[in-house]
Amino acid sequence: MSFPLLTATAALPALGAVATAAVPATRRTAAKWLALVVSLATLALAVTVLVRFDPGGARYQLTESHAWISDFGVRYELGVDGIAVALLALTAVLMPFIILAGWHDADPLETGNRRWRPTQGFFALILAVEAMVIISFEATDVFLFYIFFEAMLIPMYFLIGGFGDRAHEHGEETAATQRSYAAVKFLLYNLVGGLIMLAAVIGLYVVAGNFSLQQIAEARASGSLHMATGTERWLFLGFFFAFAVKAPLWPLHTWLPNAMQESTAPVAVLITAVVDKVGTFAMLRFCLQLFPQASKWATPVILVLALISVLYGALLAVGQRDIKRLVAYASISHFGFIILGIFAMTSQGQSGATLYMVNHGISTAALMLVAGFLISRRGSRLIADYGGVQKVAPVLAGTFLIGGLATLSLPGLAPFVSEFLVLVGTFARYPVIGIIATLGIVLAALYTLVLYQRTMTGPVKPSVAAMPDLRVRELVVVAPLIALLIVLGVYPKPVTDIVNPAVKQTMSDVQKKDPKPAVEAAK
């Protein structure tokens with residue numbers, strides 16, 4: 001029996017979470033190092049998965065299948081395609097940087113007569129989220145996926161509500177209230193989406209008789225499983241609604257700005273660069289594969305919602321006064337691009353969307369973590385409280401600029417390639433939507449450059465005059481992310497080679513071919 005590599009990749013951070021939580025309260029530093037070592041070991045396993053994956057091989061590889069709840073047809077089934085491998089690698093790469101960036105974010109504080117921020121719990125929760133996200137990318141049993149899709153909400157709820165940002169202009173009592181509000185809003189939105197999805201999961205079982213993604217997809221392709229048009233559409237809507245909340249897609253997005261604003265910077269990265277990717281990934285894996293006809297039926301409405309997300313998120317980012325809220329609304333705009341690429345139903349669009357998931361994770365991590373280092377120095381999230389930082393902390397300002405330029409998809413940095421592919425793929429089938437979506441690029445340049453100008457240039461404000469530059473630990477966090485942005489911006493081929501075969505299979509699922517370009521015959 002071969003080594004269960006996929007199980008090990010998810011189980012290691014889960015066991016690490018338990019071990020970290022069990023570290024004695026007096027050994028906070030040991031808990032931090034244990035969490036970091038576990039995240040690095042998980043990265044090593046993820047690299048092994050990446051190396052062993054053959055892009056030209058079977059659709060799902062490194063598969064595992066075991067009986068679990070036999071009476072209800074539930075199996076423990078894992079397998080990865082190229083899209084899942086890319087996102088699994090992204091998750092494993094980001095986690096050590098998230099842990100390093102949050103090294104002191106959960107150190108105990110004195111608030112009156114009580115101590116709070118248990119360090120062990122903070123890092124244990126981060127590892128628990130990593131384990132649940134990884135197994136969500138690996139699960140090929142619909143019910144197994146659903147369990148971890150929902151279970152990851154619990155540790156995220158405690159990370160948002162219990163370990164919020166220390167930089168708050170209204171005092172600790174107000175800050176605690178706002179953290180609780182953000183955490184409850186996050187949980188309720190996603191729970192409602194999950195409950196609707198649960199009804200659809202049950203409905204799928206009634207129709208198909210099992211929860212196996214591969215078996216259902218093969219039965220649908222062969223014609224042995226037929227879904228009535230109305231049934232398929234209702235099931236699709238149940239799945240899509242939950243994924244659109246997680247993604248998030250307008251108008252189901254309103255939980256994200258609150259959650260990111262009240263979280264520490266590493267937790268904000270965990271939300272938007274890791275957890276939210278499960279939503280867009282699931283659209284590709286489950287919506288298109290299980291409900292191909294319903295996906296095509298819903299495409300016009302979804303494209304309009306995605307276009308609204310692109311423009312709405314960018315417009316609101318322009319007007320933000322809070323750095324974290326600006327990044328949150330920028331992320332809503334970027335997720336609009338990702339969903340646009342998925343439902344453009346072209347190979348360029350879906351390849352670009354998958355690449356965008358990876359590149360957005362890296363660029364948002366770089367920008368948000370540097371912003372977190374900036375906020376921790378000044379103690380304020382408000383843009384107006386900064387000015388002239390580049391004169392006193394040039395390395396911090398330089399890395400902040402590169403992260404911002406990646407956010408606006410500057411050519412030569414990783415997000416440019418993915419955004420270009422999404423727009424080309426969208427324009428090929430829906431030219432009007434593709435043209436309007438390009439306005440998102442213009443608005444991204446506006447909010448990014450205005451943010452940099454107001455915080456980093458101009459006269460040095462007294463409150464930042466003594467601001468130290470990036471320290472060694474912070475450079476270790478930021479430098480590899482900047483390097484990845486440059487390398488993938490210049491040479492994205494390693495990622496596209498992995499995801500393109502999976503994209504072709506997804507296009508085959510929905511029975512779509514790329515439109516032929518209308519080229520006037522040469523005279």
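Note that the structure is predicted; figures quoted are calculated from it, not measured.
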Exercise for the section: Provide the full list of salt bridge (charged side-chain N to carboxylate O under 4.0 Å, His left out) pairs with a residue in residues 221-235, sequence neighbours left out, each pair given once. Expected result: Arg220-Glu232
Practice task
Verify, without hydrogens or angle tests, whether Thr407 (side chain) and Gly403 (backbone) share a donor-acceptor contact under 3.5 angstrom.
Solution key: yes
Problem - Residue list, side-chain contact (heavy atoms from CB on, under 4.5 Å) with Ala46, at least two apart or on another chain - result: Leu88, Ala92
Exercise for the section: Look at the side chain of Thr346 and the backbone N and O of Gly425, then say whether any donor-acceptor pair between them is shorter than 3.5 Å. Expected result: yes
Exercise for the section: Would you please say whether a donor-acceptor pair under 3.5 Å links the side chains of Thr7 and Glu64? Expected result: yes
Practice task
Measure from the side-chain N and O atoms of Gln320 to the backbone N and O of Ala317, and report whether any donor-acceptor pair falls under 3.5 Å.
Solution key: no
Exercise for the section: Not counting sequence neighbours, list each pair that qualifies as a ring-ring contact (aromatic ring centres under 6.0 Å, His included) and has a residue in residues 74-99. Expected result: none
Problem - By side-chain contact (heavy atoms from CB on, under 4.5 Å) - contacts of Ala67 (at least two apart) - result: Ser70, Arg75
Fill in the blank from the handout: Of all heavy-atom pairs linking Phe123 and Gly102, the shortest is CZ-O, 3.4 Å
Handout entry: side-chain contact (heavy atoms from CB on, under 4.5 Å) against Leu237, all qualifying residues, sequence neighbours excluded
Key = Trp234, Trp297
Exercise for the section: Rounded to the nearest 0.5 Å, what's the gap from OG1 on Thr506 to CD on Gln350? Could you check? Expected result: 5.5 Å
Fill in the blank from the handout: The complete set of side chain to side chain donor-acceptor pair (under 3.5 Å) pairs with one or both residues in residues 202-212, sequence neighbours excluded, reads Glu77-Ser212
Exercise for the section: If the plane angle is over 60° it's perpendicular, under 30° parallel, otherwise tilted; pick one for Phe281 and Phe137. Expected result: perpendicular
Ignoring hydrogens and angles, write down the donor-acceptor pairs under 3.5 Å from the side chains of residues 286-293, residues two or more places apart or on other chains.
unit_1	atom_1	unit_2	atom_2	d
Gln289	OE1	Arg59	NH2	3.4
Gln289	OE1	Tyr60	OH	2.9

Practice task
With sequence neighbours excluded, give me every salt bridge (charged side-chain N to carboxylate O under 4.0 Å, His left out) pair touching residues 137-157.
Solution key: none
Practice task
Please name all residues satisfying ring-ring contact (aromatic ring centres under 6.0 Å, His included) with Phe343, sequence neighbours left out, ordered by chain then number.
Solution key: Phe240
Exercise for the section: Please name all residues satisfying ring-ring contact (aromatic ring centres under 6.0 Å, His included) with Tyr157, sequence neighbours left out, ordered by chain then number. Expected result: none
Exercise for the section: Hey, could you give me the CD/CG distance between Glu130 and Leu12, rounded to the nearest 0.5 Å? Expected result: 8.0 Å
Exercise for the section: Can you sort out the partners of Phe427 under side-chain contact (heavy atoms from CB on, under 4.5 Å), two or more places apart, ordered by chain and number? Expected result: Pro431, Ile435
Side-chain donor-acceptor contacts of residues 267-277 below 3.5 Å, not counting sequence neighbours, with atom names and distances?
unit_1	atom_1	unit_2	atom_2	d
Thr272	OG1	Ser331	OG	3.3
Lys277	NZ	Thr272	O	2.8
Lys277	NZ	His360	ND1	2.8

Exercise for the section: Would you please classify the geometry between the Phe143 ring and the Phe211 ring as parallel, tilted or perpendicular, with 30° and 60° separating the classes? Expected result: tilted
Handout entry: Side chain to side chain, Arg381 and Glu262, heavy atoms closer than 4.5 Å
Key = yes
Problem - Whether Thr496 side chain and Lys493 backbone form a donor-acceptor pair below 3.5 Å - result: yes
